[in-house]
Amino acid sequence: MHRFANPARFLRLSGWLLPWLVTAMIVAVSAGLYLSLIKSPPDYRQGEMVRVMYVHVPAAWMASGVYFSLVIASIVSLVWRHPLADVAARGMAPIGAVFTAICLITGSIWGYPTWGTWWAWDGRMTSVLVLLFIYLGYMALWSALEERANGSKIAAIFAVVGGINLPIIKFSVDWWHTLHQPASILRRGGSAIAPSMMQPLFTMWLAYILIFVVTLLWLMHADIARQKIEARVARQANTADQPGMHQGTTGS
Amino acid sequence: MTLVRPEDYIYFVVAAYTVAAIGLTGLLLYAWSRAHKWTAQADALRAESTKS
């Protein structure tokens, strides 16, 4: 496991993988849009509104899934102090926040014609809104504690504690029977969705997963490069401060 | 009770896909531009120190 946590090895491997992942992402997004906007039939009750489900439901899965990954990365950072775990956790936060925002906004767009309201303080909707605030809080905490030695540890503890919201999101529709419908895919007795609608749903989910992976790798590359620059600048400043060491390496 | 006629559902579909497209394209551009900016700076710094 430590072998893959080496930043240089990670950069080499991910640099080789990225063009393939970007190609797969473009193919998956194109296929997902074709299946959901053209191939999928309208629902017998919802009509064309079913097409909103293909962008909303995978965004909801990604919102929770990305946060789950963030919690795992934070635990790895706290327990094993992997150099890449903090970088990964930090990169996941803005991605998860965007998926959560897309889930909330598209859910609201679906809700108005279907339920007759843009928003209700329902258990599922409220817990997903809380998830968005947790993502934003995590990002704010990172930027506030960046300079502190134990900043990453505090952010990781915050992320792990925030993980308590994940089971609340999952079981909110069972605990509180309010507006949001209960699970219709992962449920006892099998899925309640027609196979012709499962295909666009899962293709869009695959596209979202690839968008997540590509974005995360880019953000991790950026963070590793930034840390290298900061370390180099700090080293040069230390060297320049020591008497008899003023020859410098950059000539500046 | 719904206040929207079924023939107007298409506007809501377009709105939802537009929101998703803007959010995800923005995210991809943000990540790509950050990666490009910092790796270019790191490469420039490394080249400068190798030269000197």
Side-chain angles (χ1 to χ4, degrees), chain A residues 11 18 22 25 29 33 36-37 42 46-56 58-59 91 94-95 97-99 101-102 105-110 112-116 204 207-208 211-212 214-229 232-233 236 248-252, chain B:
Chain A
L11 288 177
L18 262 167
V22 170
M25 178 189 79
V29 169
L33 287 175
S36 47
L37 289 174
Q46 293 182 49
E48 299 294 338
M49 283 308 290
V50 73
R51 299 184 200 285
V52 177
M53 186 183 77
Y54 306 134
V55 285
H56 168 73
I95 309 172
V98 168
F99 278 121
I102 289 173
I105 297 169
T106 55
S108 186
I109 290 170
W110 183 87
Y112 185 72
T114 314
W115 292 332
M204 282 302 258
Y208 278 14
I211 289 172
F212 163 68
V214 167
T215 313
L216 179 63
L217 291 180
W218 274 336
L219 288 177
M220 288 176 75
H221 273 235
D223 214 11
I224 291 168
R226 186 184 60 83
Q227 286 179 13
K228 270 187 190 167
I229 291 170
R232 195 182 285 258
V233 168
Q236 284 170 354
T249 51
T250 60
S252 58
Chain B
M1 192 194 90
T2 177
L3 308 168
V4 180
R5 293 174 306 164
E7 55 267 35
D8 292 335
Y9 283 174
I10 193 68
Y11 301 115
F12 289 83
V13 173
V14 170
Y17 277 75
T18 306
V19 166
I22 291 172
L24 295 175
T25 310
L27 181 68
L28 282 164
L29 284 176
Y30 165 75
W32 177 82
S33 63
R34 270 187 76 88
H36 185 74
K37 176 186 149 191
W38 286 108
T39 48
Q41 278 189 28
D43 290 347
L45 201 65
R46 194 170 44 237
E48 198 183 325
S49 56
T50 310
K51 202 165 60 184
S52 61

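Chain identifiers are assigned alphabetically (A, B, ...) following the order of the sequence lines, protein sequences preceding nucleic acid strands; residue numbering begins at 1 within each chain.
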About how many Å separate [atom2] of [Y] and [atom1] of [X], when rounded to the nearest 0.5 Å?
X: B:Lys37; Y: A:Arg226; atom1: NZ; atom2: CZ; result: 9.5 Å
X: B:Tyr30; Y: A:Leu219; atom1: OH; atom2: CG; result: 6.0 Å
X: A:Ile229; Y: B:Leu45; atom1: CD1; atom2: CG; result: 6.0 Å
X: A:Trp218; Y: B:Leu29; atom1: CH2; atom2: CG; result: 8.5 Å

Next item on the list: Could you check which of A:Thr106, A:Leu217, A:Leu37, A:Val233 has the highest count of heavy-atom pairs closer than 4.5 Å to chain B?
Entry: A:Leu37
Notebook entry, point to check: Which of the residues A:Glu48, A:His221, A:Lys228, A:Arg232 is involved in the greatest number of heavy-atom pairs with chain B at under 4.5 angstrom?
Noted result: A:Arg232
If you take all heavy atoms of [X] and [Y], which pair is closest and at what distance?
X: B:Tyr17; Y: A:Arg51; answer: OH-O, 2.7 Å
X: A:Thr215; Y: B:Leu27; answer: CG2-CG, 3.7 Å
X: A:Ile109; Y: B:Phe12; answer: CG2-O, 3.2 Å

Interface moiety of [X] toward chain B, non-hydrogen atoms closer than 4.5 Å:
X: A:Ile224; answer: neither
X: A:Ile105; answer: side chain
X: A:Met25; answer: side chain

Notebook entry, point to check: Hey, mind stepping through B:Leu3 and A:Tyr112 against side chain to side chain contact (heavy atoms under 4.5 Å, CB included) and telling me if it holds?
Noted result: CA-CA 8 Å; B:Leu3 308 168; A:Tyr112 185 72; 3.2 Å; yes
Next item on the list: Return the set of residues passing salt bridge (Lys or Arg N to Asp or Glu O under 4.0 Å) with B:Arg46 (not counting sequence neighbours), or none when no residue passes.
Entry: B:Asp43
Checklist line | Polar side-chain atom of B:Tyr9 near backbone of A:Gln46 as donor-acceptor pair, under 3.5 Å | finding: no
Check: Pick from B:Ala15, B:Pro6, B:Ala20: which one has the most heavy-atom pairs with chain A under 4.5 Å?
Finding: B:Ala20
